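First up is the structure itself, then whatever we jot down about it.
Just so you know, these numbers come straight off a predicted model, no measurement behind them. Each chain gets a letter, A, B and so on, in the order its sequence line appears, and its residues count up from 1.
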Protein chains: 2
Amino acid sequence: MAKDPSSALQRRPLTLRDVSDASGVSEMTVSRVLRNRGDVSGATRERVLAAARELGYVPNRIAGALASQRVNLVAVIIPSLSNMVFPEVLTGVSEVLEDTGLQPVVGVTNYSPEREEKVLYEMLSWRPSGIIIAGLERSHAARAMLENAGIPIVEIMDVDGTPVDNAVGISHRRAGRHMAEAIVAAGYRRIGFLGTMMPYDHRARKRLEGFESALIAAGLTVEDREFYSGGSALLKGREMTEAILSRSPDLDFLYYSNDLIGAGGLLWCLNHAIEVPEKVGLAGFNGVELVQGLPCHLATMDACRLEIGRKAAEIVAGKRADGATSGLVIELEPKLEPGDTIRRR
Amino acid sequence: MAKDPSSALQRRPLTLRDVSDASGVSEMTVSRVLRNRGDVSGATRERVLAAARELGYVPNRIAGALASQRVNLVAVIIPSLSNMVFPEVLTGVSEVLEDTGLQPVVGVTNYSPEREEKVLYEMLSWRPSGIIIAGLERSHAARAMLENAGIPIVEIMDVDGTPVDNAVGISHRRAGRHMAEAIVAAGYRRIGFLGTMMPYDHRARKRLEGFESALIAAGLTVEDREFYSGGSALLKGREMTEAILSRSPDLDFLYYSNDLIGAGGLLWCLNHAIEVPEKVGLAGFNGVELVQGLPCHLATMDACRLEIGRKAAEIVAGKRADGATSGLVIELEPKLEPGDTIRRR
DNA sequence: CTGTGCCATGTTAGCGATAACGGCCGCATC
DNA sequence: GATGCGGCCGTTATCGCTAACATGGCACAG
């Protein structure tokens, strides 16, 4: 046992050298075998692989990356993992990166510009071969880092602004406008808004801006609003709905900045025998899977999360048909899903 | 503009050398400044920092890690990001790692042993300084890699088994037993189970095992069961509940393997005017925040996710009061939250 | 004025891999 | 039999940084 070559008792970590000694070839040949690169005869290949397996050798990518000046990492920087929207983007990214040898590495900013700056710096210090980062708004320093990185950058989720390099997303302003138009067209007139109190959630802000501008164009305004931060979004949705409706009982439509609070609001309305969508209409945003499980379908707008992840990954992986990795702006079309909470005319 | 030193036009990436040239000191001194290590006079420190900022220099950790044989990364390997339980574990990990200089890097296995093996291999190739990995069951090769890694390993979520090194979690068998006992004590007798069809979700399996063994001890059995895979868990919860109750209308309790399908079931029952908890009792598992937003509180059992993340991170970071980083098994106590869906006696 | 010690900085030698090139050998070609 | 070429494998020189040690200057004691 003490001499078991695969035992942890080895104090000195294994290197290519150990494998090359064990298999009687040079380190270079071992390296070639383990990377499937260059010409190696079948016989020695087998010998090397056997030795590596026997020893339990795991290549040291730190050294490999330094020598080859190539790193198979793609940094993915997002605001949060806990609201179901970004995990789906990640799924799209992973799908596409799967067979490219590239690997996503996730950084989370918690919607804080300072943290974003720090996370970006950390990521860049590993010299990734591409960056996918949510949003277009960031600190001066962060933008400078992106501009100087010398690798493909894709800013995702949003296209209302000026990207550093590439952008893949939707126009949240248009999404907000579109929703407002649908609501007005359905005959609703007294409209309330419920959202998060996050100064740095620029996409929610843009949706509201678009929403309000379309209302104004129709001669209407947002008559009341309610904001929250932290806690269970579903519960907050209930609470805010109760608050806004008791304060402004005449509202006939509630626009929620995300599906989860919208779902909470919907459940509250159903529980309080408020006729949806006749008396009060409701709509959320994101198109999260969860709403499919509700007793009645909340109107929402799909944010194209999976597709955004996929397209962004294609750009950094150089997998696009046209081979472009720079200067692209891809605007996807969010689809309105009217569900059961907007009157049909 | 073309000569702007901070412009991306620099084709050659920046190195310590560039900063040392720009500030008139040796590379070593620059390195010391940027790492806050060793003695450097205030004056030169300022000069170096100014130069680094001016150039937009970002240190190359690949080289740094190779030279120092130290990597500030902790691998966190989990089955999924999309079910709300692991993001919370990550939150706990991040909190504790925050001020240690260590950084979590997440790998996702999708409940597949093959992927776990691959992800682990990838992670180890970056020579992280610790590993936090969900579950105790894994392939032979994966276990061998962990054993040979020579770094602190913490297996999380579960303690029913033999850890490679450390473990932090709860006993899912006991959790299942405990729930069954509470259900039986509340007077329910005809019990159904609804869960996922995931052969590799060992924790769900153990909960069911514990659950059944406690029922048997009480002279009962699980009378009917329903399984699902994929899709919106909330919706599946509705569908499965409808299916099981129409097949076995006499059931008086439904035990769900997670809160999300439990919530779906609860909503279905409320919609179909089934008296909860009098006629049918319900319970889930995990204690996710979401259930707080439901019209009535689903009984559940807190899985201590945040605490698991924290304790695991403390071990790999060497932050425990006793300084131990090896051989620990920390069993946390899941708390039964009876909510409103189990009869009170 | 010399020795002692410390502070601030420089020098040297890797860390573990890979790129680039070189060499040897065997076989086909003319 | 000389030539060429391709398959297979080894040698050498980095990659960018840091540990460890070396050095020079200056203050201070004796």
Roughly how far, to the nearest 0.5 Å, is the CG atom of A:Leu120 from the CD1 atom of A:Ile77?
4.5 Å

Whole-Å distance between D:dC15 C1' and B:Glu27 CD?
12 Å

Calculate the interatomic distance between B:Arg17 atom CZ and D:dT18 atom C1'; express it in whole Å.
16 Å

Using a 3.5 Å distance criterion without hydrogens, assess whether the side chain of A:Asn166 forms a donor-acceptor pair with backbone atoms of A:Thr325.
yes

Figure out the CG/P separation between A:Asn60 and D:dC15, and round it to whole Å.
18 Å

How long is the line joining CG of B:Leu34 and P of D:dA19, in whole Å?
13 Å

For the pair made of CE in A:Met28 and P in D:dG10, what is the distance, rounded to whole Å?
10 Å

Heavy-atom side-chain proximity of B:Arg143 to B:Thr162 below 4.5 angstrom
yes

If each of A:Ser26 and B:Pro59 is mapped to the nucleotide of DNA chain D with the nearest heavy atom, which maps nearer the 5' terminus, i.e. the 5' end?
A:Ser26

Of the options C:dG16, D:dT18, D:dC9, whose atoms approach the side-chain atoms of A:Thr15 most closely?
C:dG16

Should A:Trp126 and A:Ile62 count as side-chain neighbours, where that means a heavy-atom distance under 4.5 Å?
yes

What residues from residues 117-130 of chain B pass a heavy-atom cutoff of under 4.0 Å to DNA chain D?
none

Spacing of B:Leu34 atom CG and B:Leu16 atom CG [to the nearest 0.5 Å]:
6.5 Å

Tell me whether the count of non-hydrogen atoms from other residues, nucleotides or ligands lying under 6.0 Å of CZ in B:Arg17 goes above 12.
no

If I take atom CZ in residue A:Arg32 and atom P in nucleotide D:dT11, what distance separates them, rounded to the nearest angstrom?
11 Å

Give, ordered by number, those residues of residues 39-46 of chain B having at least one heavy-atom distance below 4.0 Å to an atom of DNA chain C; if nothing qualifies, reply none.
B:Asp39, B:Val40, B:Ser41, B:Thr44

To the nearest Å, how far apart are B:Arg37 CZ and D:dA20 C1'?
14 Å

Is the backbone N or O of B:Val58 less than 3.5 Å from a side-chain atom of A:Ser125, with the two atoms forming a donor-acceptor pair by type?
no

Rounded to the nearest 0.5 Å, what's the gap from CE on B:Met28 to OG on B:Ser26? Could you check?
7.5 Å

Think A:Tyr57 has a side-chain N or O under 4.0 angstrom from the OP1 or OP2 of C:dA17?
yes

With a 4.5 Å heavy-atom cut-off, do B:Val74 and B:Pro128 have their side chains touching?
no

Under 4.0 Å, heavy atom to any atom of DNA chain D: which of residues 61-72 of chain A qualify?
A:Leu66, A:Ala67, A:Gln69

Sidechain N-carboxylate O distance under 4.0 Å for B:Arg138, B:Glu117
no

Do side-chain atoms of B:Asn72 reach the backbone of B:Gly101 as a donor and acceptor pair under 3.5 angstrom?
yes

Please report the distance, rounded to the nearest Å, between CG in A:Leu16 and P in D:dT11.
15 Å

Quick one: does B:Arg47's side chain get under 4.5 Å of B:Thr44's, heavy atoms only?
yes

Need one value for B:Arg35: base, sugar-phosphate or nothing, where a base atom within 4.0 Å counts as base even if backbone is also close, heavy atoms only.
sugar-phosphate

